[in-house]
Amino acid sequence: MYRLLKTSGQARRGEFQTVHGTVQMPAFMNVATAGAIKGAVSALDLKQLKCQVQLCNTYHLHLRPGDETVKKLGGICRFTRWEGPVLTDSGGFQVFSLAKLRNIREEGVTFASHIDGRRIFMGPEESMRIQSNLGSTIAMAFDECIENPAEYAYTRNSCDRTARWLYRCKTELDKLKRQEGAVNPQQMLFGINQGSTYTDIRVDHMKKIRELNLDGYAIGGLAVGESAEEMYRVIEAVTPEMPADKPRYLMGVGTPVNILEAVRRGVDLFDCVMPSRNARHGHAFTWEGCRNLMNAKYELDDAPLDENCDCPCCRNFSRAYIHHLLKSKEMLGMRLCVLHNIYFYNTLLEKIRLALDEDCFDSFYRKNISVLGQRI
Ligand code: PRF
Ligand code: ZN
């Protein structure tokens, strides 16, 4: 259940109730693809990093250790010892971005596993069965994520098929939830809007999937080759067509600047590998801009990574030490950067919520939008 608490222009401050706890929105979801945030971060760490929701992947967990195995171990929350909500992505995106030799038909997609090349079929029913076994809080619909640029006719046909797949997802998940032994009988389903950069297709598709009265709606197919300006234009066209009483999730986005721009256009929920992926290369997000800790200028710098940060890394260690660890390829170097970046993203969203609460989102936006994108 989504409750809208406040608005500032299109920006929304809300609360989303789930069986695994209430999510304060706008919110960021931390990406734990195979059940862990890359960089040796466990569910126990996440507690001190202001994390609210974990995102796991159907595709990866199906291949390894297998969703049946996760079900036997009590579901994804129990398996990872994470007590909060978990959203599982449907496999749609991963099949298209990771798997080789895929073949798309009305029934679903056949592809070769990126682990051992084994041929696998996944359609809406398979994706729902896997997500039901994982027992996530929120299951995502099985969709085709089209890369940009895309042809108009192809996009139309693909979106029509993704809409038909959505009906099948809903029917299947409703059935699975009623079965005895379901890991999460209250599992929610979010639909995914597609349509490349064609706003007419986007709007038509959104109107169609809105009819299903799902628990939330996502904007997919963005940050896949188009410019940031084009992405903002699509978000502006789609959000007015999204139900006001449901969460709005922008999939796989993005930089702190992208997030601030999307909140301003009415988005409530985000996920991105950027905080952990960039951290593993020594790139840290700070309140003054992005820092590369590999840079030689940090060799003798005894200051914390970010002077305005209270994360476990900044409270205890220096830039010089992290620089040394990264140079020496010590795992701790990566881990400290990951802890900081995860904390930074969750704090960014917390500050956005606070600004909305206190009616000063506009000035928060103006104060931070140019700084956050800087390289320092
Ligand atoms: N579909 C799904 N997952 C996704 C995307 C999508 O379009 C994206 C696009 N940025 C990220 N993750 N199912
Ligand atoms: Zn920090």
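All ligand and atom numbering here is 1-based and tracks the order in the structure.
- Among all non-hydrogen protein atoms, the one lying nearest atom 6 (C) of ligand 1 is Asp143 OD2, 3.7 Å.
- Scanning the protein for heavy atoms near atom 7 (O) of ligand 1, the closest one is Gly221 N, 2.8 Å.
- Remark: the backbone N or O of Glu106 is paired with a side-chain donor or acceptor of Trp165 at under 3.5 angstrom.
- Atom CG of Asp116 has more than 12 heavy atoms from other residues, nucleotides or ligands within 6.0 Å.
- The closest heavy-atom contact to atom 12 (N) of ligand 1, among the options Phe190, Phe142, Phe93, Tyr249, comes from Phe93.
- Not a single N or O atom of Gly252, backbone or side chain, sits closer than 3.5 Å to an N or O atom of ligand 1.
- Seen from the Zn ion (ligand 2), atom ND1 on His340 and atom SG on Cys309 lie at an angle near 110° (rounded to 10 degrees).
- Here the shortest heavy-atom pairing between Gln194 and Cys159 reads C-SG, 3.6 Å.
- A distance-only check finds no donor-acceptor pair linking the side chain of Arg280 to the backbone of Val338 [under 3.5 Å].
- Only the side chain of Gln194 comes within 4.0 Å of ligand 1, judged by heavy-atom distances.
- At distances below 3.5 Å, at least one donor-acceptor pair connects side-chain atoms of Asn258 with backbone N or O atoms of Thr255.
- Taking atom 3 (N) of ligand 1 as the reference point, the nearest protein heavy-atom neighbour is Asp89 OD2, 2.6 Å.
- Taking a cutoff of 4.0 Å between a charged side-chain nitrogen and a carboxylate oxygen, Lys177 and Glu172 do not qualify as a salt bridge.
- Distances from ligand 1 to the non-hydrogen atoms of Gly92 include no value under 4.0 Å.
- At least one N, O or S atom of Cys314 sits under 2.8 Å from the Zn ion (ligand 2).
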Discussion item. For Phe28 and Phe344: C-alpha separation, side-chain torsions, deciding distance, then whether ring-ring contact (aromatic ring centres under 6.0 Å, His included) applies.
Written reply: CA-CA 11 Å; Phe28 184 76; Phe344 178 85; over 10 Å; no
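- In this structure, atom 10 (N) of ligand 1 lies nearest to the protein heavy atom Leu222 O, 2.6 Å.
- Every atom of ligand 1 is numbered from 1 in the order shown, and the set under 4.0 Å from a heavy atom of Ser90 is 13 (N).
- The environment of CD in Glu107 is crowded: more than 12 heavy-atom neighbours from other residues, nucleotides or ligands sit within 6.0 Å.
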